[in-house]
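Structure first, then comments.
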Amino acid sequence: MVTKQFRGSPEEADLTRADSLAREIFSDVANKWAFLIIEALGERTLRFSELRNKIEGISHKMLTQNLRMLERNGLVERRVYPTVPPRVEYTLTEAGQALRATVDGMCDWTHQYLGHIEDARHRFDA
């Protein structure tokens, strides 16, 4: 499926349409790895290896794919320094910092309702 180019006001973005750019962006950033990367980078600029160490369980491939996606969407900036070996750093852009407020809200919600969700799962699974 080809995503249509968005022309118009942001209020006209339709998340319900399968070919919507807004829906594609939503799909890109609404995944666990993107959330964890944004949360980690919200604190400071990090190198690839620092990010990987900070996000337990993420593979090299998944970190690479998600960083590229976040960079493509203008949420993360990648800086390469001409050293041997090359030093690469990642930082959130202004848009990425704005999204971090939402990610922080999701993290707060998770902490607040973790016990509730765990109880509901036990009742459901019983």
Side-chain angles (χ1 to χ4, degrees):
M1 174 183 318
V2 176
T3 304
K4 290 185 177 178
Q5 292 298 316
F6 178 70
R7 295 188 192 346
S9 69
E11 293 79 26
E12 296 173 41
D14 187 355
L15 288 174
T16 62
R17 289 181 49 115
D19 63 350
S20 166
L21 177 58
R23 185 167 169 176
E24 182 180 325
I25 294 166
F26 183 76
S27 177
D28 280 352
V29 299
N31 76 68
K32 69 179 176 182
W33 298 125
F35 268 38
L36 292 171
I37 291 167
I38 290 166
E39 183 66 17
L41 287 175
E43 297 170 13
R44 63 187 178 96
T45 298
L46 295 171
R47 295 178 73 173
F48 185 92
S49 59
E50 292 173 315
L51 265 171
R52 189 155 177 223
N53 290 336
K54 206 164 171 73
I55 303 170
E56 186 176 328
I58 193 167
S59 68
H60 186 280
K61 178 182 176 181
M62 288 308 298
L63 181 55
T64 299
Q65 286 176 351
N66 277 274
L67 283 168
R68 286 181 181 161
M69 174 273 299
L70 291 168
E71 184 181 8
R72 179 177 184 250
N73 285 314
L75 303 173
V76 167
E77 181 181 321
R78 179 179 182 262
R79 284 201 182 127
V80 181
Y81 296 90
T83 60
V84 177
R87 187 179 79 190
V88 181
E89 293 180 341
Y90 298 89
T91 191
L92 291 179
T93 63
E94 181 181 340
Q97 285 289 352
L99 181 57
R100 184 171 180 239
T102 300
V103 171
D104 286 346
M106 286 292 296
C107 291
D108 292 345
W109 175 86
T110 302
H111 286 120
Q112 183 176 350
Y113 289 100
L114 194 63
H116 170 81
I117 293 167
E118 187 176 37
D119 291 344
R121 286 181 174 189
H122 286 301
R123 285 191 306 275
F124 184 87
D125 294 341

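Counting from 1, the numbers follow the sequence of the chain as shown.
In terms of hydrophobic clustering, with Ile, Leu, Val, Met, Phe, Trp and Tyr side chains grouped at heavy-atom distances under 4.5 Å, Val80 and Leu70 are assigned to a common cluster. Hydrophobic clustering (ILVMFWY, side-chain heavy atoms < 4.5 Å, transitive): Ile55 and Met69 are in one cluster.
Under a 4.5 Å side-chain heavy-atom cut-off, the cluster of Ile, Leu, Val, Met, Phe, Trp and Tyr residues that includes Trp109 is completed by Tyr113, Ile117.
The list of salt bridge (charged side-chain N to carboxylate O under 4.0 Å, His left out) pairs with a residue in residues 114-126, not counting sequence neighbours, is empty. The list of salt bridge (charged side-chain N to carboxylate O under 4.0 Å, His left out) pairs with a residue in residues 57-66, not counting sequence neighbours, is empty. Applying the ring-ring contact (aromatic ring centres under 6.0 Å, His included) test to residues at least two apart or on different chains, the pairs with a partner in residues 42-101 are Phe48-His60.
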Going by atom type alone, with no hydrogens or angles, which donor-acceptor pairs under 3.5 Å involve a side-chain atom of residues 25-39 and a protein atom two or more places apart or on another chain?
residue, atom, partner, partner atom, Å
Asp28, OD2, Asn73, ND2, 2.9
Asn31, OD1, Trp33, N, 2.9
Asn31, OD1, Ala34, N, 2.8
Asn31, ND2, Asp28, O, 2.8
Asn31, ND2, Asn66, OD1, 3.3

Let me check something: any side-chain donor-acceptor pairs from residues 92-104 under 3.5 Å, sequence neighbours excluded? List them with distances.
residue, atom, partner, partner atom, Å
Thr93, OG1, Gly74, O, 2.6
Thr93, OG1, Leu75, O, 3.3
Thr93, OG1, Ala95, N, 3.4
Thr93, OG1, Gly96, N, 3.2
Arg100, NH1, Gly42, O, 3.4

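At least one side-chain heavy atom of Val88 sits less than 4.5 Å from a side-chain heavy atom of Arg78.
Partners of Arg44 under the side chain to side chain donor-acceptor pair (under 3.5 Å) rule, at least two apart in sequence or in another chain, do not exist in this structure. In this view, Thr45 and Thr91 satisfy the side chain to side chain donor-acceptor pair (under 3.5 Å) rule, not counting sequence neighbours. The salt bridge (Lys or Arg N to Asp or Glu O under 4.0 Å) check on Glu56 picks up nothing, with sequence neighbours excluded. Every residue meeting the salt bridge (Lys or Arg N to Asp or Glu O under 4.0 Å) condition with Glu89, not counting sequence neighbours, appears here in chain and number order: Arg87.
To the nearest 0.5 Å, atom CG of residue Leu51 and atom CG of residue Leu67 are 6.0 Å apart. Rounded to the nearest 0.5 Å, atoms CG (Leu46) and CZ (Arg52) are 14.5 Å apart.
In this structure, Glu50 contributes its side chain and Arg47 its backbone to a donor-acceptor pair below 3.5 Å.
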